[in-house]
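Quantities reported herein were computed from a predicted structural model and do not represent experimental measurements. Both counts, for ligands and for their atoms, begin at 1 and track the order of listing.
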Amino acid sequence: MSDADESVAEGKALWHGRFAAAPAEELMAFTASISFDKRLWADDITGSRAHVAMLGATGILDAATVNAIDAALSQVHHEMSSGTFEFVDSDEDIHTAIERRVTQIAGDAGARVHTGRSRNDQVATALRLWCKREIRVVIDYLLQLVDVLQSRATEADSVTEPVYLPGYTHLQRAQPVLLSHHLRAHGWALMRDADRLFDALARLDVSPLGAGALAGSSLPIDPQRSADLLGFAKPFDNSLDAVSDRDFVAELLAHIALLGVHLSRIGEEWVIWTSEEFGFATLDDAYATGSSMLPQKKNADIAELARGKAGRLIGNLTGLLTTLKGLPLAYNRDLQEDKEPLFDSVDQVRRALVALAGMISSATFATDAMVRAGDAEALTATDLAEWLVESGMPFRRAHAVVGEVVRTAINTQRPLAEVVSKHSDLGPIAAQLISAGSAITRRRSRGGAGPAVSADQATRFTEELNRLRLR
Ligand code: ARG
């Protein structure tokens, strides 16, 4: 090893040649990213292996050198996975740490690993590899939650009497809807999230390796080969863009933020549903928490935190966008700020998905309370107006007739059925129709909330879920 190789192996900065003084402690404390980019170690090694194989294939490095570096990278892999890798203070990021160790192990060969490469294309490569793997895991958990919603919906549909509850607009009771319909509504939103994450994965499937610091290389490197070796769909087209592009992180954070918003809305509903005032669902003890002071309390903390975490997920997105907005081409150290929000959003949303799946699959629905609330008299007013439309009355007039009937029932404190039954336009047949249980069976339009079309929706739901599982 030459003196220069040795200094890197001994922990001098990769850029030490130009500098007379070692980096100040404060500089390292402020700029080092090793504490959080450690988790890129496996992807960094994967990237280096492909890079070195490419250097071998193009004749830039000879076979013996390639083998020596590859063996050193294997050893680093082993040390990292067994937890025996020894970090030193000068390891400012995971890429530095690994190159230092490779140089320590392989000497002169190790000092060639960075040929035709910069940490700028190296870090972008490792991060894209990380996203390709970890976002798949998020999608898996997401589809598992969708599956829970679908099986609870199927279960609700499988009892003889339809299970319904009030559907709300403005959080005021509006029309009765099947419980399965309500559960699947959230499922469809989550499936769009999965679709969006898949779209982002397809777009980020581009290898930046070979872009170098910003301008490519004067050595005969082969970015296409590196991309193929790493399983990327294609290599970058513009080296400046390749090292400065963090669109893929922003896009993932945006999709995760929207997913977080959906989870927040589910959370909010469960907080409402499990309140004593609503009493539509009871949480399993394993998925609820108590109070340190109030002995009787049973709280829906998972639902609340699913709601609360959305703020943080949105914050991670806006934080990164703000970091990116003023950056000139190409790489700027600001870009190092991409990792913490990305890792945090992925970690948080993953936990939220798993916790909500457990909470919803183990909860008990108070179907009696739901049906009782769904049976509230005036909820079928629209169905009644539509019944009048069927016998030829213009909808606007039917709306007025039923509205008046509801007002009379309220003002005279008489049951709605009685007022309907005595009304000249309505009568006893109409009075029978206004029970929620019978009104709901009259909903037949595609995608509507009645049992007549619920099997059809269930089929389409399963088809969509299967399509996503195979994407
Ligand atoms: N730790 C840096 C990051 O995450 C790696 C790239 C550093 N490149 C540089 N030229 N300083 O972005």
Side-chain angles (χ1 to χ4, degrees), residues 8 11-19 21-48 50-51 76 80 85 87-103 113-132 134 204 206-217 226 236 239-250 252-253 316 319-347:
V8 169
K12 275 207 179 153
L14 298 175
W15 66 83
H16 68 92
R18 156 80 177 74
F19 290 80
E25 228 176 89
E26 305 89 296
L27 174 126
M28 286 298 278
F30 184 53
T31 63
S33 54
I34 186 86
S35 61
F36 52 85
D37 67 20
K38 255 185 199 158
R39 53 196 287 186
L40 294 175
W41 70 264
D43 301 296
D44 187 71
I45 292 174
T46 304
S48 290
H51 180 66
V76 172
M80 285 284 180
F85 186 95
F87 289 96
V88 300
D89 288 347
S90 60
D91 292 339
E92 62 162 308
D93 60 23
I94 191 64
H95 323 290
T96 309
I98 292 174
E99 184 177 338
R100 171 188 58 75
R101 183 69 184 125
V102 165
T103 313
V113 63
H114 213 52
T115 310
R117 183 178 75 172
S118 157
R119 271 184 302 160
N120 299 351
D121 58 343
Q122 184 180 0
V123 67
T125 305
L127 198 57
R128 282 176 191 256
L129 288 172
W130 187 88
C131 290
K132 282 178 71 172
E134 299 299 326
L204 73 76
V206 177
S207 171
L209 197 54
L214 75 165
S217 172
S226 305
F236 65 94
S239 60
L240 286 173
D241 182 40
V243 290
S244 69
D245 174 14
R246 291 297 183 277
D247 292 2
F248 66 103
V249 182
L252 290 173
L253 288 179
N316 285 339
L320 180 73
L321 289 174
T322 312
T323 294
L324 296 178
K325 73 170 273 296
L327 297 185
L329 290 175
Y331 180 86
N332 298 273
R333 191 63 182 268
D334 315 47
L335 291 176
Q336 182 172 289
E337 288 294 302
D338 58 356
K339 287 167 212 66
E340 284 168 292
L342 174 67
F343 295 158
D344 184 57
S345 284
V346 166
D347 290 344

| message | With heavy-atom distances below 4.5 Å as the criterion, would you say the side chains of Val123 and Leu335 are in contact? | response |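 SC-SC contact between Val123 and Leu335 ruled out.
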
| request: For the residue pair Asp43 and Thr46, confirm or rule out a side-chain donor-acceptor distance under 3.5 Å. | output: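 Judged by distance alone, the side chains do not pair up.
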
| request: Would you list the pairs meeting ring pair (Phe, Tyr, Trp, His ring centres under 6.0 Å) in which at least one residue belongs to residues 320-339, sequence neighbours left out? | output: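 Residue pairs passing ring pair (Phe, Tyr, Trp, His ring centres under 6.0 Å), neighbours aside: none found.
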
| query | His51 side chain to Thr115 main-chain N or O, any donor-acceptor pair under 3.5 Å? | reply |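 Present.
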
| More than 12 foreign heavy atoms under 6.0 Å from CG of Asp89: is that the case here? |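 Count not over threshold, so no.
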
| task | May I ask you to establish whether Lys38 and Phe87 are in a cation-pi arrangement, using a distance under 6.0 Å from NZ or CZ to the six-membered ring centre and at most 45° from the ring axis? | result |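 Flagged: Lys38 positioned over aromatic ring of Phe87.
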
Less than 3.5 Å apart, N/O on ligand 1 and N/O on the protein: could you list those pairs with the distances?
unit_1, atom_1, unit_2, atom_2, d
ligand 1, 1 (N), Ser33, OG, 3.1
ligand 1, 1 (N), Asp93, OD2, 2.9
ligand 1, 1 (N), Gln336, OE1, 2.9
ligand 1, 4 (O), Lys339, NZ, 2.6
ligand 1, 8 (N), Asn120, OD1, 3.0
ligand 1, 10 (N), Asn120, OD1, 3.2
ligand 1, 12 (O), Tyr331, OH, 2.5

